[in-house]
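Report on one structure; see the data block that follows.
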Amino acid sequence: MKIVILDGYTANPGDLSWKGLEELGELTVYDRTKPSETVARAADAEIVLTNKVIISREVMDQLPRLRYVGVLATGYNVVDTKAAHERGITVTNVPAYSTESVAQMVFAHLLTVTNRTEHYAQENRQGRWTKNPDFCYWDFPHTELAGKTFGVVGLGNIGLRVAQIARAFGMKVKALTSKKAETLPAGFAKASLEELLATSDILSLHCPLTDSTRHLINADTLRLMKPSAILINTGRGPLIDDQAVARALADRQLATFCADVLTEEPPKADNPLLTQPNAFITPHIAWASKEARIRLLQVATENVRAFLDGKPINTVS
């Protein structure tokens, strides 16, 4: 059984092992694969694993031996699952492996905004505190999280964990969710999008990217938010309109934007969010703790093993 990983570098840049997959077949790992290289590299493979390399209908048409596509992520929009189903190709993903890691990043961003620890650490590396006439100084107002309203869009695995942490900080949690109000944990209130936008001091996005959620945050919805609000996106880049958010920040219609994802990755140099002083952008690394990547490889391996045993798990096709 020939197994090809098209873009293994981000999941395993060398600090982990592919041994589990090597035991299941003849394994070839490519760090990165250009679109023009996909068909040639996967030509003889029955099993293909991908993170961001697109497996489209056209690609499948040129891979007659392909029986299985494993996505090395939770989101699987890189695979045409309809075309896969038509061809009897099994597609799997890796759900919930990064829940703790992404939730942690949400609060790393939030505490960066409210406490500015990196700013002060850098100032003090340059000797500022040693020259200060008083025992302390501050350049930004410090804000307590306790008592603030934390809005969550989507209460899946990650959204729920983020909301639980927000409650631990003493915040009031409101959620836009399809779940019934009576099934929500104690201290969680169900709310409409309009209510979340109008009342949230912090709004964190954790919903899937669909036609209805694309550009959920746009010029119109931004106008409903508090000018003092902090917007956080660790979900999917296109949940927000980059241009609209940049304008809102420039016009002080929105206080702060934190994101680990952008619409285009890597972003173009002229993306206006990259130069906004109140935009805090990390390069899509919330999922990438070593612990999360270990879980990712373990589940991806078990997905392949289950497929070979005729009992596929985590299927999305």
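The closest side-chain heavy-atom distance from I202 to K148 is below 4.5 Å. Between I217 and L222, some side-chain heavy-atom pair lies under the 4.5 Å cut-off. Within the 4.5 Å cutoff, the side chain of D80 has heavy atoms near those of the M60 side chain. Using a 4.5 Å heavy-atom cutoff, the side chains of L254 and V245 are in contact. Taking the side chain as every heavy atom from C-beta outward, T149 and K174 approach each other to under 4.5 Å. Looking at heavy atoms from C-beta onward, C258 lies out of side-chain contact with L231 at the 4.5 angstrom threshold. Here the side chains of F150 and L110 are in contact, with some heavy-atom distance below 4.5 Å. The shortest side-chain heavy-atom distance between L21 and V304 falls under the 4.5 Å cut-off.
Shown here is H85, whose NE2 atom has no more than 12 heavy atoms of other residues, nucleotides or ligands within 6.0 Å. No more than 12 heavy-atom neighbours from other residues, nucleotides or ligands sit within 6.0 angstrom of CZ on R252. With a 6.0 Å radius and a threshold of 12 heavy atoms from other residues, nucleotides or ligands, Q126 has its CD atom above the threshold. The number of heavy-atom neighbours closer than 6.0 Å to NZ of K172, taken from other residues, nucleotides and ligands shown, is 12 or below. Within 6.0 Å of atom OH in Y76, 12 or fewer heavy atoms from other residues, nucleotides or ligands are found, so the atom counts as exposed in its surroundings. More than 12 heavy atoms of other residues, nucleotides or ligands lie within 6.0 Å of CG in L274, so this atom counts as buried by the packing criterion. Atom NZ of K179 has more than 12 heavy atoms from other residues, nucleotides or ligands within 6.0 Å. Heavy-atom contacts from other residues, nucleotides or ligands closer than 6.0 Å to CD of Q104 number 12 or fewer.
Cation-pi check for R116 over F140 is met; the charged atom lies under 6.0 angstrom from the ring centroid and within 45 degrees of its normal. In this structure, R167 fails the cation-pi test against F188, since its NZ or CZ atom is not both closer than 6.0 Å to the six-membered ring centre and inside 45 degrees of the ring normal.
At distances below 3.5 Å, at least one donor-acceptor pair connects side-chain atoms of W129 with backbone N or O atoms of F135. Checked by atom type and distance alone, the side chain of R65 never pairs as donor or acceptor with a backbone atom of E46 at under 3.5 Å. Distance alone, capped at 3.5 Å, is enough to place a donor-acceptor pair between the R293 side chain and the A11 backbone. Between the side chain of D241 and the backbone N or O of Q243, at least one donor-acceptor pair lies under 3.5 Å. Looking at N271, its side chain does come within 3.5 Å of a backbone N or O of L273 through a donor-acceptor pair. Between the side chain of N218 and the backbone N or O of H215 there is at least one donor-acceptor pair closer than 3.5 Å. At distances below 3.5 Å, at least one donor-acceptor pair connects side-chain atoms of N132 with backbone N or O atoms of D134. Looking at N157, its side chain never comes within 3.5 Å of a backbone N or O of A96 through a donor-acceptor pair. At least one donor-acceptor pair closer than 3.5 Å links the side chain of D7 to the backbone N or O of N51. Checked by atom type and distance alone, the side chain of T50 pairs as donor or acceptor with a backbone atom of V53 at under 3.5 Å.
Considering every non-hydrogen atom in both E265 and L262, the closest pair reads OE2-N, 2.9 Å. Contact record, S317 with I89: OG-O, 3.5 Å, taken as the closest heavy-atom pair. In plain terms, the two heavy atoms of S101 and W287 that are nearest each other are OG-C, 3.9 Å. Smallest separation of non-hydrogen atoms from G154 and H206: O-CB, 3.9 Å. Taking each heavy atom of M1 and L24 in turn, the nearest pair found is CB-O, 4.2 Å. Contact record, L308 with I47: CD2-CD1, 3.9 Å, taken as the closest heavy-atom pair.
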Between I281 and F257, is the side-chain contact (heavy atoms from CB on, under 4.5 Å) condition met? List the steps.
CA-CA 8 Å; I281 313 294; F257 176 60; 4.1 Å; yes
Assess whether side-chain contact (heavy atoms from CB on, under 4.5 Å) is satisfied between V4 and L27, documenting all intermediate values.
CA-CA 6 Å; V4 171; L27 179 66; over 6 Å; no
List the steps, then state whether side-chain hydrogen bond (donor to acceptor under 3.5 Å, both in side chains) holds for N93 with N314.
CA-CA 6 Å; N93 73 337; N314 296 319; 5.7 Å; no
Run the numbers on E264 and K268 for salt bridge (Lys or Arg N to Asp or Glu O under 4.0 Å), then give the verdict.
CA-CA 7 Å; E264 185 176 0; K268 288 187 169 62; 2.8 Å; yes
Residues I285, D260; criterion side-chain contact (heavy atoms from CB on, under 4.5 Å); working and verdict:
CA-CA 7 Å; I285 55 172; D260 187 57; 3.6 Å; yes
Derivation of the side-chain contact (heavy atoms from CB on, under 4.5 Å) call for T90 and T315:
CA-CA 7 Å; T90 298; T315 57; 3.9 Å; yes
Show, in sequence, the C-alpha distance, side-chain angles and deciding distance for D211 and R214, and conclude whether the salt bridge (Lys or Arg N to Asp or Glu O under 4.0 Å) test is met.
CA-CA 6 Å; D211 290 341; R214 184 177 297 274; 5.1 Å; no
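Interatomic distance, I5 CD1 to N12 CG, rounded to the nearest 0.5 Å: 8.5 Å. Atom-to-atom distance recorded for I165:CD1 and L145:CG is 12.0 Å, nearest 0.5 angstrom. We find the CG-CG distance between D61 and L66 to be 11.0 Å, quoted to the nearest 0.5 Å. Taken from NZ in K131 to CG in N124, the straight-line distance is 11.0 Å, to the nearest 0.5 Å. Atoms CD1 and NZ, from I230 and K226 in turn, are 11.0 Å apart once rounded to the nearest 0.5 Å. The line from CD of Q298 to CD of E302 is 8.5 Å long, rounded to the nearest 0.5 Å.
A side-chain contact (heavy atoms from CB on, under 4.5 Å) with L197 holds for exactly one of L224, L176, V153, L216; it is L224.
Between the side chains of T210 and S212, at least one donor N or O sits under 3.5 Å from an acceptor N or O. In this model, a donor atom of one side chain and an acceptor atom of the other lie less than 3.5 Å apart for T33 and R41. A donor atom on one side chain and an acceptor atom on the other are found under 3.5 Å apart for T282 and H109. No hydrogens or angles considered: a donor-acceptor pair under 3.5 Å links the side chains of Q122 and R125. At a cut-off of 3.5 Å, with distance as the only test, a side-chain donor of H119 or D139 sits close to an acceptor on the other residue. Inspection of the K190 and T177 side chains reveals no N or O donor paired with an N or O acceptor under 3.5 Å. Side chains of T263 and D242: a donor on one and an acceptor on the other come within 3.5 Å.
Here F107 and F169 bring their ring centres to under 6.0 angstrom of each other. Aromatic ring centres of Y137 and Y120 lie closer together than 6.0 Å.
Using a 4.5 Å cut-off between side-chain heavy atoms of Ile, Leu, Val, Met, Phe, Trp and Tyr, with links allowed through other members, I3 and Y30 fall into different hydrophobic clusters.
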